[in-house]
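What follows is a single structure, written as structure tokens, with notes after it.
Quick note on labels: first sequence line is chain A, next is B, and so on, each numbered from 1.
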Amino acid sequence: MKKTYGLMLLTSVLLFSTVLAACGGNKTSKNENSETADDDQSRKVAVTYYRISQSQKTIEELSEFKQFLEDKFNVDWVTIPLGTGAQYTQTINTRFASGDIADIVMYQDALQYKTHAQQGYLLPLDEYLDELKDVYTGLPDELIQASRISDGHVYGLPMRQLVATTVWIRQDWLDALHLSAPKTVDELYEVAKAFALNDPDGNGKQDTFGLSGWGQGQDVFNGLGYVYGAFGIPELYSMYVENGNAKFGITSSRMKEALTFINRLVKEKILDPEFFLNKVTDTDQKAIQGIIGIHQRQYAFEAQNRAKIREINPNAKWVPLEPITGPYGSGTGLLKNAAYISLSAKLKDDPVKLARIIEMIKWFSTEEGIFYANFGIQGKHFTLENGKVKPTDTPGGPLYYTLFLGQQAEAFKQSAMLALGDDVGPLYDREQALLRKQPVSIYDAVVPPAGTADLFKFVNENLAAFAFGDKPLTEWDNFIKEAESRFNLRGIENDITNQAKAIGLIQ
Amino acid sequence: MVKEKSIRTIASGDFIFQFVNNTFMLAICAISIFPFFYVISVSLTPTVDYVRNGGFLVVPRNITFEAYQFILEDRLIPRAFLISVIVTLVGTAISLVSTILMAYPLSVKTLLGRNVIVFGVVFTMMFSGGMIPTYIVVKQLGLLNTIGSLVFPAMINAFNLILTKTFFENLPEEMVEAAKIDGCNDWGILAHVVIPLSKAIMATIGLFYAVSYWNIYFQALLYISDPKLFPLQVVLQNLLNGVQELEEQMELIVEVPTEAFKMATIVVSIIPMMCMYPWLQKYFTKGVMLGAVKG
């Protein structure tokens, strides 16, 4: 019997400790949402920030960075990482729906940002835009328009713009086959054909392809933007304006021409047949391994992988290729905002905190703030010599995602040069210059209307079938008709046009 | 060996059957083991070898422990490992106790309102409150940002509860009656008769619980915002991918995780669970069978 009482006691202790544990939790969760109506201008405010998770060190781990920021702005700085990709969307939506909204929120795409803005969670920033103009330095006007939502207000500050990827080519293969770098689509075809069929690596086997891509089973464009760009459709979601109406590139006659070209590459085994299934790392590996000779990737591809490339083939030499021109110009991608920073609508009730946050954002887009985010505190973590960053014995940063605002190009270039050597500097500049020439994405500035996902699923399946030749291009008109009748292609285009007009992106 | 001896004594028809059967089973074993073997061998391969072979290799020619070294040196991993171990141990203990304390009364046929309670339990298996209400409950209980938020929302799993209840129902009633005659109350019966006879089911659901606590990921992402409290899976996931794409788009120079590194993270995260299986296996198969025979 005694043992029974022991068990009972144990059980009740366990249950009781459960309750205790539950109560104990209150302390920690409180500072996430502290809201006191204290009007004292000098009080310390807690500023919370939802952001995506990162693999690098967080500001919490770098205590002197955190201290610096907290002392400078008299705040408690709490960053809350909530995962990445689809998970971030889900966690952030759950938190918003249950009333937990951080003071500052990072958005990884326009869709979620614009949806939350329309739902009234976010603070309109129009009155602060003059004060925060440094955030926009160097951005084309269209990108600023793209950050508006259809009520005409701005609720988010653009964080970064996507890179226009560099196209790389194997110079040693060109030399071995006595070819010069291709400039037009026709020359590209000839060079890629020689890469695939004329044994550029001299191993006596036909084991190479001209080019590849990374469609991940759903996108025929990924990794081949420079080819499609010559036909005026660098990306799946490319749109062009015709008589004041936004039209999808993929359902235009240009796409038919582009697919004819791709289909030819597939048929003659010039294009890696796995281009549609590859992940980006697969294609990287094929490039490093010497299976493909042309590869679209960012400016740092060669420098980052130099050791591996050399170890596999000491003579391998990747050089950047100028954009390929075709019947509809040239291009490698679209210009769009990679991320947005927004503020919670609740801040209206706390002007002291709001002023403090605006102050912080402003500082993060000044040179001092930009260098802090990338390299740490000047004099302590790095010194500047003739404008060039030199890390000290105790280097800091970069504080990825802390708040990357303003024109960061110079700082990013410097950090790339520190990590990979000075020769990536010119490559970075080259890519930045290319980036500015790309058209601004209309699609990424609007909230896609209902049915868009279905339309794109249908389109993607068909584009893949056309590219692989499973469906002859004589079926093209039927495909367009079906997209119009079953998937409301024109209706979706009209909706996007109206939204783009409302935010002033097209006249 | 024993097998050979018995093979000789059986008819040739049986022999063919045994042969085909065993070969087939061995092939299935090989198919199940191969991916795991591949994971281990890639985790030990230098990146250059991996790339040179086009990503496919079965036995590494050169072995390197670089990837493991990198993982174990990471500043967050030891701490995250400890958090995961605590969550798993505490969570499994709490879950086991509470599941048994609920399953036993429900297995007693004379309990008043038993069917209503069982219906309530089964109902939650088909319809759940959804993510937002659960989040609000966790928040209102003040569990946000505590290890408790990983343990309590999943304290009793309805399926495990039904399994345990069914197991208890199948215990011989005579033993319970004998204990009663000897003067045992309900607690005594549970402690001295039911639990000693239920090692199989406890091992089974204990393993289910342990695995689910060990693999906890999304809840941690949702409820925990302090990186110091992140369990292992969250930290490994952050190290691995996802972040990489956006980091690259934002022109940040990031170290691309190598394939060896990815595979090594998989090994690190499943090894503790792998070590538990052999010890629990004999109870495990028995437990699953017993729960399943009579529904």
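- The structure places CE of B:Met131 at 4.0 Å from CD of A:Gln90, a figure rounded to the nearest 0.5 Å.
- Counting all heavy atoms, side chain and backbone alike, B:Ser225 lies closest to A:Pro81 at O-CD, 3.5 Å.
- The shortest heavy-atom contact between A:Arg95 and B:Leu222 is NH2-O, 2.9 Å.
- Counting non-hydrogen atoms of other residues, nucleotides and ligands closer than 6.0 Å to CD of B:Glu66 gives a total of 12 or fewer.
- Between B:Phe218 and A:Thr91 there is a side-chain heavy-atom pair separated by less than 4.5 Å.
- Here the shortest heavy-atom pairing between A:Ser98 and B:Ile136 reads CB-CG1, 3.2 Å.
- For the atom pair CD1 of B:Ile224 and CG of A:Leu82, the computed distance is 11.5 Å after rounding to the nearest 0.5 Å.
- Taking all atoms of both residues into account, the shortest heavy-atom contact from A:Asp100 to B:Lys139 is OD1-NZ, 2.8 Å.
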